[in-house]
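Notes follow once the structure below has been shown.
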There are 2 protein chains.
Amino acid sequence: MLKKPESKPEMLYAGIQMTRPLLRTISNRVEADLEGTDLTVGQRAVLEATLALEQATAPQLTDFLQLKRQFVAKVLKELLDKEQVAQVSNPRHKRSVFYCLTPSGKALIKKVRKAEMKRIEEFAKVFSEEEVETYYRMQCVLNDALSKRS
Amino acid sequence: MLKKPESKPEMLYAGIQMTRPLLRTISNRVEADLEGTDLTVGQRAVLEATLALEQATAPQLTDFLQLKRQFVAKVLKELLDKEQVAQVSNPRHKRSVFYCLTPSGKALIKKVRKAEMKRIEEFAKVFSEEEVETYYRMQCVLNDALSKRS
DNA sequence: GTTTTATTGTCAATAAAATTGACAAATATC
DNA sequence: GATATTTGTCAATTTTATTGACAATAAAAC
């Protein structure tokens, strides 16, 4: 159905292009895991980011997630209400505090991740260590490079 | 900031996880290219899919894009109004016609792609042929596998 | 060949995700 | 110290996508 791209840049472009439908299929899958957790996609993303960064201010989470600060703030508030994240005072800034996961928030995001990990393990088998390593590295580099400068 | 995942499944999971922020950074970038073209993200996606499939029914586009048929139909209608896609009668189905790009639609999506390709070329330089090939293949396999069954 | 089931198109209502605008408070820069 | 930038907060809006409902067509079952 789809012809394979011929040049290296074309192939990279095609691979990147695939990100949108891929995210769509992932989201559809992930939805099931979120069901019963009372989490929205946004909340899940912020929990994930907070887990990854361990402790972060709202602007740091905003950078990480590439979203608008107002949206992140709204989600953080929801998570605060649910006591899944907590504030830690920031000596360097009076208003801009740190956020970290509460025990229950940490348990929740870990549970969600674990369920998904189980599925991913199936796919990991299909690829070699090197392939997965390349994939991971390229995702990191692309994300990094594209989020910086013009 | 982020510690590298240790096991193969973890690394694959982390790579996949990165899809969301990556798409976000890509979208931010892509926005600029869409500016002045009067295209929405949905329209762009459908044009892209129609280019890739050359000729496709609405259900085929729906499968490809992993969206709901109603949404695809709405976007197709918009593109028909703008004369960027055209209908071709389908001998196998009275109602479900084929869609293909009009010359102007084809020119438009190719122009958008070209602008983006220019940026991607920079990144392609950074990676080897094998790395790009692996990346492309993994994106294909993941997208394929995740969109089917279970 | 007829009945039943699934697919497809269409219209409408709704929801989710994210952006934008505006303003005040805190911080950083000069 | 004055000015510019960052950050938090409240509100309105937009974009994207889903869901529900119903009729027309096609496919499957019988």
Side-chain angles (χ1 to χ4, degrees), chain A residues 19-32 34-35 37-49 56-81 85 87-99 147, chain B residues 19-32 34-35 37-49 56-81 85 87-99 147:
Chain A
T19 298
R20 190 178 298 274
L22 178 57
L23 176 57
R24 195 122 292 292
T25 68
I26 292 170
S27 294
N28 291 344
R29 275 307 149 86
V30 161
E31 229 168 56
L34 250 39
E35 223 152 79
T37 62
D38 255 333
L39 281 180
T40 66
V41 176
Q43 287 168 6
R44 192 236 145 103
V46 171
L47 284 184
E48 194 84 48
T57 63
Q60 285 167 347
L61 292 167
T62 298
D63 277 358
F64 186 79
L65 295 167
Q66 293 292 310
L67 294 164
K68 299 295 170 190
R69 68 203 167 87
Q70 295 95 327
F71 183 67
V72 172
K74 185 188 143 237
V75 174
L76 277 172
K77 202 172 183 180
E78 292 162 4
L79 291 172
L80 275 173
D81 287 346
V85 300
Q87 296 182 327
V88 178
S89 73
N90 180 356
R92 299 200 47 189
H93 203 299
K94 201 190 283 184
R95 294 181 84 198
S96 190
V97 300
F98 287 119
Y99 290 89
S147 52
Chain B
T19 299
R20 188 178 299 274
L22 178 57
L23 177 58
R24 198 119 290 292
T25 68
I26 292 170
S27 294
N28 291 344
R29 276 306 147 86
V30 161
E31 229 169 56
L34 250 39
E35 222 152 79
T37 62
D38 255 331
L39 281 180
T40 66
V41 177
Q43 288 168 5
R44 192 237 145 105
V46 172
L47 284 184
E48 194 85 47
T57 62
Q60 284 168 347
L61 291 168
T62 299
D63 277 0
F64 186 80
L65 294 167
Q66 293 291 309
L67 293 165
K68 300 296 170 188
R69 67 203 167 86
Q70 296 95 328
F71 183 68
V72 172
K74 185 188 142 234
V75 174
L76 276 173
K77 202 172 184 181
E78 292 163 3
L79 291 172
L80 275 173
D81 286 346
V85 300
Q87 296 182 327
V88 177
S89 73
N90 180 356
R92 297 202 47 190
H93 203 300
K94 202 190 285 182
R95 295 182 82 200
S96 190
V97 300
F98 287 118
Y99 291 89
S147 53

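Note that the coordinates shown come from a computational prediction; the quantities given were computed from them, not determined experimentally. Just so it is clear, the values below take in all heavy atoms, side chains as well, and ignore hydrogens, waters and symmetry mates. Every chain is numbered from 1, with letters handed out A, B, ... down the list of sequences.
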- Task: Compare every heavy atom of B:Ala58 with every heavy atom of B:Leu76, then report the nearest pair and how far apart it is.
- Result: CD1-CB, 3.9 Å
- Query: Taking CD from A:Glu78 and P from C:dA18, how many angstroms apart are they, rounded to a whole number?
  - Reply: 12 Å
- Between A:Val41 and B:Arg20, is any pair of side-chain heavy atoms under 4.5 Å apart? yes
- Between D:dT6 atom P and A:His93 atom NE2, what is the distance in whole Å? 11 Å
N/O donor-acceptor pairs under 3.5 Å from side chains in residues 91-98 of chain B, not counting sequence neighbours:
from, atom 1, to, atom 2, distance (Å)
B:His93, ND1, B:Arg95, N, 3.2
B:His93, ND1, B:Ser96, N, 3.0

- Note on the structure: On a heavy-atom basis, the closest approach of B:Leu65 and B:Ala45 is CD2-O, 3.7 Å
- Spell out protein contact along nucleotides 12-21 of chain D as letters: B when the base is contacted, S when just the sugar-phosphate is, - when no protein heavy atom is under 4.0 Å; keep the 5' to 3' order. ----SBBBBB
- Message: Against A:Gln43, only a single residue in A:Asp38, A:Thr37, A:Leu79 fulfils side chain to side chain contact (heavy atoms under 4.5 Å, CB included); can you say which?
- Response: A:Leu79
- Could you tell me the separation between the CG atom of A:Leu65 and the C1' atom of C:dA17, rounded to a whole number of Å? 13 Å
- Query: Could you give the CG-to-C1' distance, from A:Leu76 to C:dA18, as a whole number of Å?
  - Reply: 15 Å
- Verify the contact: side-chain N or O of A:Ser96 to OP1 or OP2 of D:dG8, cut-off strictly under 4.0 Å; return yes or no. yes
- Would you kindly give the CD-to-P distance between A:Gln43 and C:dA16, to the nearest whole Å? 11 Å
- Length of the line joining B:Leu23:CG and C:dA18:C1', which is rounded to integer Å: 13 Å
- Note on the structure: Whole-Å distance, B:Arg95 CZ to D:dA26 P, equals 9 Å
- Measure from CG on A:Asp63 to C1' on D:dT7 and round the result to the nearest Å. 12 Å
- Query: Which heavy atom of B:Phe64 sits nearest a heavy atom of B:Ala49, and at what distance?
  - Reply: CD2-CB, 3.4 Å
